[in-house]
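What follows is one structure encoded as structure tokens, with my remarks underneath.
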Protein chains: 2
Amino acid sequence: MDQSNAPQSGQALLFLTDEQLRKGIEAMFFAYRGFTADPDRILSEKSYGRAHHRAIHFIHRSPGTTVNNLLSILGVTKQSLNRVLRTLVEDGLVESNVGATDKRERNLYLTEEGAALERELSDAQRDRMRAAYRAAGPAAVTGFRQVLEAMMDDDMRRQFDALRDTRGRS
Amino acid sequence: MDQSNAPQSGQALLFLTDEQLRKGIEAMFFAYRGFTADPDRILSEKSYGRAHHRAIHFIHRSPGTTVNNLLSILGVTKQSLNRVLRTLVEDGLVESNVGATDKRERNLYLTEEGAALERELSDAQRDRMRAAYRAAGPAAVTGFRQVLEAMMDDDMRRQFDALRDTRGRS
DNA sequence: TTGGAATGTCAACAAGGCTGACGTATCTTC
DNA sequence: GAAGATACGTCAGCCTTGTTGACATTCCAA
């Protein structure tokens, strides 16, 4: 009863057993653990958590971004984000400047120290990603990206696609 | 300086820019959100969390598994798991039986009610997975799985590979 | 100019990780 | 049979990171 794989719009038919799908689900579970393992290790030494990593990543990605913007990318409440942001500002990793045109807004930037941590974290994560990409090969990478994109919610995919590189080239 | 892509063991060389790798990292982040979104919705209505889902999933996957075994798969402490397991047993979703050969062990099974919730959760998750697989196509699925496996830690990959289907075929 | 919307902050609570310590059966080994 | 190891449960307390509620500030439009 789970095998109703009706063909769609002339596309090649894919027969997907529950077992295949479950294997995919479990692969996602275990892989995500690996994906976060290296940054987690670095962060725990500095008594930060994954939430700090995410904030740092996206501030690096889009310097000058506002709290609100970060909020919609991260998908958490502003109170949750604020706690993380506060510690990062207190510790001198993030700079929070009152907006020039709209004083309600805060524009967020990494300090030198923040940028250094960002580099350490993303180096570790990229190393693993690079190793995985190389082990799997270029065709696999394309497929990997396609499946991941198809797995996102529509609004997440929009966020994802909207993330252009706004940093100056180093 | 980040472009040092020395070839390895005669393998085809893969040029991976930091930008490509970061896109992969972000894809992983957003996709995992989508991956957990549907079960999370269902669980929050029943005041359970992701931790309950994981326990239920792997008990379903390996009926009769022991607490210790579950512990090593999930990678959490027994105190953490115990809290979750206790509520599931209290609520009548999981049965915990003293081991037959080794009475120190507890063999874990889903009750009818537990199996019903498992079905609801995994149906939702499989639907999304199936849609993503179909949208991306069979070649992409293969690549997806290859990259995910390459991203795991060695011991996780062993856990992952060891997960055979021990349930009776339905 | 004033009321509503947007932005961000403070406070308090809950879930679910963690460590540490301990109790109790139940093997296993000497 | 005694001693130690193993499997499991539990209590206590901590931390991170989610949540909601209340509130101050700022902007904008009627």
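In what follows, every heavy atom counts, from backbone to side chain, and hydrogens, waters and symmetry copies are set aside. Below, chain A is the first sequence line, B the second, and so on; all start at residue 1.
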Exercise for the section: Can you see which heavy atom on A/Arg128 is nearest to which on A/Ala37, and at what distance? Expected result: NH2-CB, 4.0 Å

Exercise for the section: Test B/Tyr48 against every option in B/Ile42, B/Leu43, B/Ile56 by the side chain to side chain contact (heavy atoms under 4.5 Å, CB included) rule and name the one that passes. Expected result: B/Leu43

Exercise for the section: Answer yes or no: is there a donor N or O on one side and an acceptor on the other, between the side chain of A/Gln125 and the main chain of A/Pro39, under 3.5 Å? Expected result: no

Exercise for the section: Mind checking salt bridge (Lys or Arg N to Asp or Glu O under 4.0 Å) for A/Asp127 and listing every partner two or more places apart, or none if nothing turns up? Expected result: A/Arg130

Practice task
With heavy atoms under 4.0 Å as the rule, sort B/Arg83 into base, sugar-phosphate or nothing.
Solution key: base

Practice task
May I ask you to say what B/Thr101 touches in the nucleic acid, namely base, sugar-phosphate or nothing, with a heavy-atom cut-off under 4.0 Å?
Solution key: sugar-phosphate

Fill in the blank from the handout: Here the pair of heavy atoms bringing B/Leu163 nearest to B/Ser62 is CD2-OG, 4.2 Å

Exercise for the section: On DNA chain D, reading 5' to 3', which nucleotide is the first and which the last to sit with an atom under 4.0 Å from a heavy atom of chain A, could you check? Expected result: D/dT16 to D/dC27

Fill in the blank from the handout: When A/Ser80 and B/Leu85 are each assigned the nearest nucleotide of DNA chain D, the 5'-most assignment goes to B/Leu85

Fill in the blank from the handout: Comparing B/Lys78 with B/Leu81, nearest DNA chain C nucleotide closer to 5' gives the residue B/Leu81

Problem - B/Asp18 and A/Arg126 ion-paired at < 4.0 Å - result: yes

Exercise for the section: Please list, in 5' to 3' order, the outermost nucleotides of DNA chain C lying under 4.0 Å from any heavy atom of chain A. Expected result: C/dA5 to C/dA11

Completion exercise
For A/Arg50, the side-chain hydrogen bond (donor to acceptor under 3.5 Å, both in side chains) test, sequence neighbours excluded, returns A/Thr36, A/Asp40

Problem - salt_bridge(B/Arg158, B/Asp155) N-O dist < 4.0 Å - result: no

Practice task
Enter the inter-axis angle for the ends of the helix from C/dT1-D/dA30 to C/dC30-D/dG1 (five pairs per end, rounded to 10°).
Solution key: 10°

Completion exercise
On DNA chain D, more 5' by nearest nucleotide between B/Asn68 and B/Gln79 is B/Asn68

Practice task
With sequence neighbours left out, write down each residue that passes ring pair (Phe, Tyr, Trp, His ring centres under 6.0 Å) with A/Phe58, or none if nothing qualifies.
Solution key: B/Phe29

Exercise for the section: Under 4.0 Å between any heavy atoms, over every strand shown, what does B/Gly75 touch: base, sugar-phosphate, or nothing? Just pick one. Expected result: sugar-phosphate

Handout entry: Test item: A/Arg145 side-chain N/O and B/Ala27 main-chain N/O as donor-acceptor pair under 3.5 Å
Key = no

Exercise for the section: Mind listing the closest non-hydrogen atom pair of B/Met28 and A/Leu148 along with its distance? Expected result: N-CD1, 3.7 Å

